[in-house]
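Here is how names work: the chains are called A, B, and so on, in the same order as the sequence lines, proteins then strands, and each is numbered from 1. In this text the structure is predicted, and so the values were computed from the model without any measurement.
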Amino acid sequence: MTVRTRFAPSPTGYMHIGGMRTALFNWLWARHNTGQFVLRIDDTDQQRNVEEALEPILDAFRWLGLDWDEGPETGGDCGPYFQSQRREHYDEAINQLLDTQCAYLDFESPDETRQQREVAEREKKQYVSSRTSLDLTINEIEARKAAGDPHVVRFLVPRNRTVRITDLVRGEVEWDCSLMVDPVIARNDGSPLYNFATVVDDAAMSISHVIRAEEHLSNTPIQVLIHEAIGTPLPEFAHIPFVAAPASKRKLSKREIGKYRQQKEFRKLFELGDQVLTRIGRDAGEDGLSPVMVAFYREVGFLPSGLLNALVRLGWSLDDETEIFSNAEMQQHFGLQRVVSGSAGLDPDKLMSYQAHWMSELSHEERLHGCLGFLKEAGLIQPDADEITRNRVKYVIELAGDRIRVFGDILSLDEFFVEDDDLEFDDKNFRKRVVTPDETIGLLKNLRDELADCTPFHSAALHDLVQEFVDRQGIRFGAIAAPLRLCVTGKAQGADLFGTLELLGQATSLKRIDRAIGIAETMRSG
RNA sequence: GGCCCCAUCGUCUAGUCAGGCCUAGGACACUGGGUUUUCAUCCCAGCAACGGGGGUUCAAAUCCCCCUGGGGUCACCA
């Protein structure tokens with residue numbers, strides 16, 4: 001049997017990271033079995049602009065390299081792949097269900113239904129559908145239809161039985177049908193509802209494995225019943241754990257980002273995002289990009305391989321030690337048998353470590369390419385960067401080494417790209433290391449003059465020079481290294497100090513030291 | 001509340017199906033040490049878990065029952 005999996009997003013305007021993990025598992029299972037992965041758009045409820053709301057979702061798939069064999073843009077034999085365009089399939093199935101008395105027209109108003117529900121709740125009784133419309137004669141039904149009475153189509157749940165499935169990750173799960181409400185499968189205008197459309201389409205598209213998040217488990221008995229009523233073969237089900245918020249068991253939700261921002265485990269990711277996004281003029285925060293969305297990671301400069309590695313390990317493992325998976329390795333090894341059943345919290349720390357690993361695997365050229373994009377976006381270099389600029393960036397990247405975990409990190413090395421007079425100083429550290437100590441400005445002045453005589457202005461020579469200076473003055477190395485760093489970069493931390501000086505060049509270094517001394521003196525006298 | 005799912009270090013997990021190889025393994029984080037006379041890496045070491053109670057058994061993290069806890073879901077949304 002050909003393995004065919006699907007992911008069926010509704011066009012919401014963004015791609016949720018948890019949904020992406022579900023999509024990944026589907027894609028992996030299809031690829032592992034040399035089957036097909038189908039993308040189907042669940043837009044039965046759409047009032048919004050589908051095309052516009054779909055684009056970010058497709059972008060996420062393209063960025064991560066999850067290609068779909070059938071779906072929007074690529075087409076396929078089971079199309080169309082938009083549910084809004086598959087009405088005839090649903091109509092046909094509804095008529096079949098009506099003909100076989102597996103479904104019925106319900107003329108009860110939503111208000112009546114709601115009231116019954118409330119009454120049952122108050123009396124602590126299980127609510128089940130009243131089925132009053134079942135008592136209508138054929139003539140009465142025709143008359144009400146002719147009169148234009150609003151009605152829906154409900155699936156008639158067979159109450160005297162149970163539904164049992166063998167879930168590929170959860171094992172045997174069973175439901176008592178007498179407790180189930182007859183689900184609405186079509187609205188008054190004939191448009192289908194999710195639970196129903198999904199079944200029709202999964203069958204029509206020969207989906208062999210329905211791999212979806214655990215929150216759909218409770219939809220499953222209805223879908224099984226509908227499959228049986230229509231007479232289509234049952235797919236295998238695999239309900240994977242949902243992606244939880246860091247250090248929690250709760251479903252990761254876009255609505256909670258305000259809370260997440262305050263959370264210890266999550267904060268670092270938000271801060272990384274803020275740092276990068278504000279510099280490239282993107283909106284971060286509640287309405288903008290956030291770590292629940294795939295786009296966030298792309299915009300901040302994560303690697304697809306880093307994100308993918310983190311996602312694949314969220315609820316799945318190969319063995320007791322393998323952590324790093326390339327795309328090819330995932331495809332080779334992924335299996336539904338080793339999906340865990342407990343919820344899996346996103347771990348920002350671990351994500352960063354996967355990311356750092358895959359960043360370190362990149363060639364110089366690839367790293368340069370990624371960083372260049374961010375520098376341009378931030379306006380730190382010209383869009384048409386010349387060879388000299390590119391070379392400079394290359395050196396900066398080399399100097400920065402492992403400090404660049406995501407491409408956006410290059411923006412924190414802005415000291416190499418700003419004009420000398422535009423360099424901003426980290427106020428707190430500048431005061432602490434340069435302004436406050438009484439002897440520092442004097443030391444800097446002396447060192448500055450020695451630096452002015454240093455030729456060639458190379459890292460090793462500079463190191464020797466400072467070392468001799470430190471010995472002669474009888475001070476700690478850090479007593480001059482830290483202030484010097486502050487003067488030329490504005491920061492307390494950064495790449496190798498002497499490499500930094502060399503790259504900045506003699507003229508710039510001296511100019512910045514002079515400027516810093518001037519500012520420090522003003523601060524002391526003020 | 002009904003129904004359903006879940007339960008091992010702070011986190012992601014291995015071990016559970018086929019009970020003994022588990023004084024519970026790995027990774028991330030954290031802590032300490034070494035390397036880097038600056039920063040980041042890197043190396044080594046350490047910390048740290050079977051939710052509770054009953055069974056079954058020579059033997060239980062592993063099988064059974066109960067409890068507790070956590071979560072999901074209960075739409076003319078998807």
Task: A/G505 backbone acceptor or donor facing A/T508 side chain under 3.5 Å - done: no
- [ ] Take A/G494 and A/W175, find for each the nucleotide of RNA chain B with the closest heavy atom, and name the residue whose nucleotide sits nearer the 5' end.
- [x] A/W175
TODO: State which of B/C28, B/A78, B/G72 makes the closest approach to the side chain of A/T44.
DONE: B/A78
Open item on the list: Need one value for A/K125: base, sugar-phosphate or nothing, where a base atom within 4.0 Å counts as base even if backbone is also close, heavy atoms only.
Closed with: nothing
Open item on the list: Can a donor-acceptor pair be found, under 3.5 Å and without considering hydrogens, that links the side chain of A/T220 to the backbone of A/H216?
Closed with: yes
Open item on the list: At 4.0 Å (heavy atoms only), tell me whether A/K249 reaches a base, stays on the sugar-phosphate, or touches nothing.
Closed with: sugar-phosphate
Open item on the list: Over all strands shown, is A/D319 touching base, sugar-phosphate only, or nothing at heavy-atom distances under 4.0 angstrom?
Closed with: sugar-phosphate
Open item on the list: Does A/F242 reach a base, just sugar-phosphate, or nothing at all? Heavy atoms under 4.0 Å.
Closed with: sugar-phosphate
Task: Phosphate contact (B/U13 OP1 or OP2) by A/K350 side-chain N/O below 4.0 Å - done: no
- [ ] Provide the distance between the two P atoms, one in B/C30 and one in B/G69, to the nearest whole Å.
- [x] 34 Å
Open item on the list: With a 4.0 Å cutoff (strictly under), does any side-chain N or O of A/R313 reach OP1 or OP2 of B/U11?
Closed with: no
Open item on the list: Categorize A/V181 for me: base, sugar-phosphate, or nothing, with a 4.0 angstrom heavy-atom threshold over every strand shown.
Closed with: nothing
- [ ] Remember a base hit wins even if backbone is also touched, and classify A/Y194 as base, sugar-phosphate or nothing at under 4.0 Å, heavy atoms.
- [x] base
- [ ] Let me know, please, whether A/N188 or A/E214 comes out on the 5' side of the other along RNA chain B by nearest nucleotide.
- [x] A/E214
TODO: Scan A/L484 against the nucleic acid and name what it touches under 4.0 Å (heavy atoms): base, sugar-phosphate only, or nothing.
DONE: nothing
Open item on the list: For A/F61 and A/W68, take the angle between the two ring planes, folded into 0 to 90°, and tell me which bin it lands in: parallel under 30, tilted 30 to 60, perpendicular over 60.
Closed with: perpendicular
Open item on the list: Counting the atoms with a prime plus P, OP1 and OP2 as sugar-phosphate, which does A/R117 contact under 4.0 Å by heavy atoms, base, sugar-phosphate, or nothing?
Closed with: sugar-phosphate
Task: Aromatic ring pairing A/F477/A/H463, orientation class (parallel under 30°, perpendicular over 60°, tilted between) - done: tilted
Open item on the list: Checking A/Y90 against A/D201: is there a side-chain donor and acceptor pair closer than 3.5 Å?
Closed with: yes
TODO: Could you tell me whether the side chain of A/D349 has a donor or acceptor atom within less than 3.5 Å of a complementary atom in the base of B/U11?
DONE: no
- [ ] Looking at every strand, decide which applies to A/R250 at a 4.0 Å heavy-atom threshold: base, sugar-phosphate, or nothing.
- [x] sugar-phosphate
TODO: Could you check whether A/G315 gets within reach of a base, just the sugar-phosphate, or nothing at all, counting any heavy atom under 4.0 Å?
DONE: sugar-phosphate
Task: Heavy-atom donor-acceptor pair, A/E323 side-chain to B/G26 base, under 3.5 Å - done: yes
TODO: For A/R255 and B/A78, give me the distance from atom CZ to atom C1', rounded to whole Å.
DONE: 12 Å
- [ ] Scan A/V152 against the nucleic acid and name what it touches under 4.0 Å (heavy atoms): base, sugar-phosphate only, or nothing.
- [x] base
Task: Among B/A14, B/C4, B/G72, the nucleotide that comes nearest once only the side chain of A/E215 is considered - done: B/G72
Open item on the list: As a test of understanding, state which of A/F334, A/W358, A/W316, A/Y354 forms a ring pair (Phe, Tyr, Trp, His ring centres under 6.0 Å) with A/F325.
Closed with: A/W316
Open item on the list: Side chain of A/D320, heavy atoms from C-beta onward: which of B/U13, B/A14, B/C6 has the nearest atom to it?
Closed with: B/A14
Open item on the list: Can you see if the side chain of A/S343 gets near the phosphate of B/G71 - specifically, an N or O under 4.0 Å from OP1 or OP2?
Closed with: no
Open item on the list: Counting the atoms with a prime plus P, OP1 and OP2 as sugar-phosphate, which does A/E174 contact under 4.0 Å by heavy atoms, base, sugar-phosphate, or nothing?
Closed with: sugar-phosphate
TODO: Select base, sugar-phosphate, or nothing to describe what A/R114 touches, counting heavy atoms under 4.0 Å on all strands.
DONE: nothing
- [ ] Measure the distance from CD on A/Q83 to P on B/C77 and round it to the nearest whole Å.
- [x] 14 Å
- [ ] Tell me which nucleotide among B/C28, B/A78, B/U38 gets nearest to the side chain of A/L497.
- [x] B/U38
Task: Nucleotide nearest A/D402 (side chain, heavy atoms from C-beta), chosen from B/U38, B/U41, B/A78 - done: B/U41
TODO: Could you check whether A/L217 gets within reach of a base, just the sugar-phosphate, or nothing at all, counting any heavy atom under 4.0 Å?
DONE: sugar-phosphate
